[in-house]
K.L.:
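The structure follows.
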Amino acid sequence: METVMITGGTGLVGTALTRLLLERGYKVIILTRKPQKGTNTAVSYAAWDVDNQTIDVNALQEADYIVHLAGANVAEKRWTAARKQQILESRTKSSELIVKSLQTHPNKIRKVISASATGYYGETKERAFIETDPPATDFLGSTTLAWEQSIAPVAALDKKLVIFRTGIALSREGGALKEFYKPLKFGFATVLGSGDQYISWIHIQDLVRLYFNAIVNDHLEGTYNAVAPHPVRHKELVLAMAHAAKGNSFITSYVPAFALKLALGEMSIEVLKSVNASSRKIQNTGFQFSYPTIGEAMAQLFK
């Protein structure tokens with residue numbers, strides 16, 4: 001029985017991935033600041049402290065793979081200077097701890113699979129972004145670049161490294177979709193800004209299947225966009241959600257860009273940014289999406 005160690009394992013993606021790994025017969029170790037005893041013997045919890053750069057070495061030595069998902073939620077709070085520092089360091093310092101631990105302690109880790117984000121890219125102009133495009137120079141672009149650079153030394157340790165630049169993960173259990181759905185409870189399909197901005201999205205089940213594929217496919221290595229093949233405009237996403245959830249029983253409303261800027265400050269840039277990222281590279285490895293279109297994704301999520 002192989003063992004997968006997950007950082008950020010109690011978050012949206014980590015929880016879904018743990019469920020899939022257990023179904024496939026893997027053991028899971030979740031790294032957390034406050035380990036607890038679980039009821040499932042196939043899941044254990046081990047301590048790490050990113051601030052103090054400590055990790056449970058015994059747990060590290062049990063693992064065959066590391067899935068690195070840890071990082072402060074970008075959309076949770078207003079982007080003050082302190083919050084921006086927290087967003088950056090929660091990613092880079094956790095990666096540095098993984099690298100340092102693998103350098104320092106004997107281990108049998110074969111592959112590290114790290115989250116990243118399509119925030120790496122700037123504003124879409126004429127074509128979809130591919131993995132070799134340069135990073136944006138804004139806060140999220142520079143943060144995501146630093147995040148990827150901080151985990152990159154793994155590749156020099158005779159370990160394979162996979163990085164997934166993830167779009168908006170669609171799930172009823174959390175993330176952006178849960179926020180988009182809130183006004184719909186009151187009958188409003190709320191479009192942010194003009195609604196013309198591209199959204200690169202992925203169904204949560206496809207995302208965790210990608211991570212699982214990275215574990216079982218020895219040939220998978222390098223950086224991939226973890227996005228569905230058919231990005232949509234923000235308005236299309238909101239209306240697809242509304243139709244799947246409410247049929248035709250809703251009213252479309254708009255929140256103008258200036259109001260978002262007043263409410264969210266600098267974080268409004270992320271909400272209004274148009275990012276169209278290509279999934280071609282991961283599809284060329286043979287991976288097939290279960291939910292390639294927004295209609296299929298929303299129909300499953302709201303069935």
Side-chain angles (χ1 to χ4, degrees), residues 12-13 16-17 20 75 115-133 136 140 144 162-181 184 189-214 217 220 222-248 250 252 270-303:
L12 182 69
V13 178
L17 178 58
L20 177 61
S116 182
T118 54
Y120 179 92
Y121 304 112
E123 192 95 11
T124 295
K125 301 299 181 193
E126 294 169 4
R127 61 163 180 81
F129 287 112
I130 59 173
E131 289 80 355
T132 51
D133 283 328
L140 281 185
T144 312
V162 176
I163 293 174
F164 285 128
R165 288 183 189 147
T166 310
I168 289 179
L170 298 182
S171 167
R172 291 289 300 276
E173 294 170 24
L177 187 65
K178 195 172 181 181
E179 297 304 310
F180 292 156
Y181 182 74
L184 201 55
T190 302
V191 178
L192 305 178
S194 68
D196 290 335
Q197 64 271 35
Y198 272 109
I199 302 286
S200 289
W201 60 274
I202 184 168
H203 190 293
I204 187 73
Q205 289 181 19
D206 279 332
L207 181 55
V208 297
R209 284 179 56 243
L210 269 179
Y211 275 95
F212 183 73
N213 186 47
N217 184 346
L220 208 67
T223 303
Y224 300 88
N225 292 331
V227 295
H230 301 287
V232 291
R233 305 283 184 175
H234 172 70
K235 183 177 180 180
E236 291 177 67
L237 186 150
V238 170
L239 293 181
M241 172 190 69
H243 282 298
K246 299 285 187 181
N248 293 319
F250 64 88
T252 306
E270 177 60 12
V271 173
L272 297 167
K273 189 162 81 170
S274 183
V275 179
N276 177 358
S278 168
S279 63
R280 185 166 305 225
K281 184 180 176 186
I282 193 65
Q283 287 180 283
N284 286 345
T285 69
F287 183 84
Q288 294 188 331
F289 287 84
S290 298
Y291 306 100
T293 69
I294 197 67
E296 290 168 301
M298 291 299 181
Q300 191 282 327
L301 287 162
F302 289 94
K303 66 182 178 184

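This chain uses plain numbering: 1 for the first residue, then up along the sequence.
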K.L.:
How would you list, by chain and number, every residue that makes a side-chain contact (heavy atoms from CB on, under 4.5 Å) with Leu184, sequence neighbours excluded?
P.N.:
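Partners of Leu184 by the side-chain contact (heavy atoms from CB on, under 4.5 Å) criterion, ordered by chain and then number, come out as Tyr181, Ala189, Met241, Ala242, Ala245, Lys246, Phe250.
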
K.L.:
Going by salt bridge (Lys or Arg N to Asp or Glu O under 4.0 Å), name the pairs with one or both residues in residues 198-208, residues two or more places apart or in two chains.
P.N.:
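Checked against salt bridge (Lys or Arg N to Asp or Glu O under 4.0 Å) - neighbours excluded - the pairs reaching residues 198-208 are Asp206-Arg209.
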
K.L.:
Nearest 0.5 Å, what's the CG-CZ distance between Leu207 and Phe164?
P.N.:
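That separation rounds to 8.0 Å.
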
K.L.:
Using the test side-chain hydrogen bond (donor to acceptor under 3.5 Å, both in side chains), find all partners of Ser279 that sit at least two apart in sequence or belong to another chain.
P.N.:
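Ser279 satisfies side-chain hydrogen bond (donor to acceptor under 3.5 Å, both in side chains) with Gln283 once adjacent residues are dropped.
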
K.L.:
Just grab all the salt bridge (Lys or Arg N to Asp or Glu O under 4.0 Å) pairs involving residues 170-180, residues at least two apart or on different chains.
P.N.:
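Residue pairs with at least one partner in residues 170-180: Arg19-Glu173, Glu179-Lys182.
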
K.L.:
Among all residues two or more places apart in sequence or in another chain, which pass the ring pair (Phe, Tyr, Trp, His ring centres under 6.0 Å) test with Tyr198?
P.N.:
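With sequence neighbours excluded, Tyr198 shows a ring pair (Phe, Tyr, Trp, His ring centres under 6.0 Å) to no residue whatsoever.
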
K.L.:
Please tabulate, one pair per line, all N/O donor-acceptor pairs under 3.5 Å involving side-chain atoms of residues 292-303, not counting sequence neighbours.
P.N.:
residue	atom	partner	partner atom	Å
Thr293	OG1	Glu296	N	3.2
Thr293	OG1	Glu296	OE1	2.8
Glu296	OE1	Thr293	N	3.2
Gln300	OE1	His203	NE2	2.6

K.L.:
Could you pull out all residues at least two apart from Asp133 that satisfy salt bridge (charged side-chain N to carboxylate O under 4.0 Å, His left out)?
P.N.:
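Residues passing salt bridge (charged side-chain N to carboxylate O under 4.0 Å, His left out) with Asp133: Arg127.
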
K.L.:
Please identify each residue that fulfils ring pair (Phe, Tyr, Trp, His ring centres under 6.0 Å) with Tyr224, with sequence neighbours left out.
P.N.:
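Result, ring pair (Phe, Tyr, Trp, His ring centres under 6.0 Å) vs Tyr224: none returned.
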
K.L.:
Should Val162 and Tyr211 be marked as a side chain to side chain contact (heavy atoms under 4.5 Å, CB included) after you check the CA-CA gap, both sets of side-chain angles, and the distance that decides it?
P.N.:
CA-CA 9 Å; Val162 176; Tyr211 275 95; over 6 Å; no

K.L.:
Residues two or more places apart in sequence or in another chain: which of them pass side-chain contact (heavy atoms from CB on, under 4.5 Å) with Ile168?
P.N.:
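Here the qualifying residues are Leu170, Ala176, Ile199.
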
K.L.:
Identify, with sequence neighbours excluded, every residue that meets side-chain contact (heavy atoms from CB on, under 4.5 Å) alongside Lys273.
P.N.:
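Expected list: Glu123, Asp138, Glu270, Val275.
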
K.L.:
Got a sec, which pairs hit salt bridge (Lys or Arg N to Asp or Glu O under 4.0 Å) with one end in residues 274-284, sequence neighbours left out?
P.N.:
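Every candidate salt bridge (Lys or Arg N to Asp or Glu O under 4.0 Å) pair involving residues 274-284 fails, so no pair, neighbours aside, qualifies.
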
K.L.:
Would you please name every residue forming a ring pair (Phe, Tyr, Trp, His ring centres under 6.0 Å) with Tyr120, sequence neighbours left out?
P.N.:
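Tyr120: no ring pair (Phe, Tyr, Trp, His ring centres under 6.0 Å) contacts found.
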
